[in-house]
Asks: 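First, the structure itself, so that you have it in front of you.
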Amino acid sequence: MVNCPTCEKQQEWSTDNPYRPFCSERCKLIDLGAWAAEDYQIAAEPSTDDYSSSYDDPESKDHMDRPLH
Ligand SMILES: [Zn+2]
């Protein structure tokens with residue numbers, strides 16, 4: 001018996017199961033989705049920081065004011 005990594009339900013280890021070590025296609029997709037969501041959060045955090053620091057940069061504000069003068 002093995003535990004499904006997603007729902008931790010005990011299941012028979014079978015080479016006939018194309019979704020192993022998951023118990024079902026649904027659990028396999030949930031696990032892949034969780035990885036994708038984690039990747040997104042790791043990628044999004046530095047870019048949010050980058051955006052706020054360039055927004056506060058006085059040089060970039062000066063550059064934005066220039067067409068008005
Ligand atoms: Zn499962």
Side-chain angles (χ1 to χ4, degrees):
M1 296 290 273
V2 294
N3 288 345
C4 169
T6 299
C7 68
E8 293 175 7
K9 194 169 72 182
Q10 287 224 320
Q11 56 176 328
E12 200 117 14
W13 181 267
S14 166
T15 50
D16 290 339
N17 177 6
Y19 312 117
R20 67 184 189 279
F22 305 97
C23 67
S24 65
E25 183 178 21
R26 185 178 146 273
C27 283
K28 185 184 176 182
L29 292 176
I30 287 170
D31 189 72
L32 292 174
W35 273 104
E38 215 170 295
D39 278 352
Y40 177 75
Q41 283 185 341
I42 287 162
E45 243 180 275
S47 71
T48 303
D49 201 45
D50 198 39
Y51 174 78
S52 64
S53 65
S54 69
Y55 184 78
D56 289 338
D57 186 355
E59 254 183 276
S60 65
K61 273 183 189 165
D62 186 51
H63 179 76
M64 279 174 76
D65 284 342
R66 214 159 283 218
L68 296 172
H69 291 296

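The analysis underlying the following values was restricted to heavy atoms, covering all of them including side chains, and did not include hydrogens, waters or symmetry mates. Indexing begins at 1, ligand by ligand and atom by atom, following the structure's order.
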Asks: How many angstroms lie between CG in Leu29 and OH in Tyr19, if you round to the nearest 0.5 Å?
Replies: 8.5 Å

Asks: To the nearest 0.5 Å, what is the distance between CG (Asp31) and CZ (Arg26)?
Replies: 12.5 Å

Asks: Got a donor-acceptor contact below 3.5 angstrom from the Asn17 side chain to the Ser24 backbone?
Replies: no

Asks: Tell me, which protein N/O/S atoms are under 2.8 Å away from the Zn ion (ligand 1)?
Replies: Cys4 SG, Cys7 SG, Cys23 SG, Cys27 SG

Asks: When the side chains of residues 4-13 are checked against the rest of the protein, which donor-acceptor pairs come out under 3.5 Å, sequence neighbours left out?
Replies:
unit_1	atom_1	unit_2	atom_2	d
Thr6	OG1	Cys27	O	2.9
Gln10	NE2	Asn3	OD1	3.1
Gln11	NE2	Pro21	O	2.8

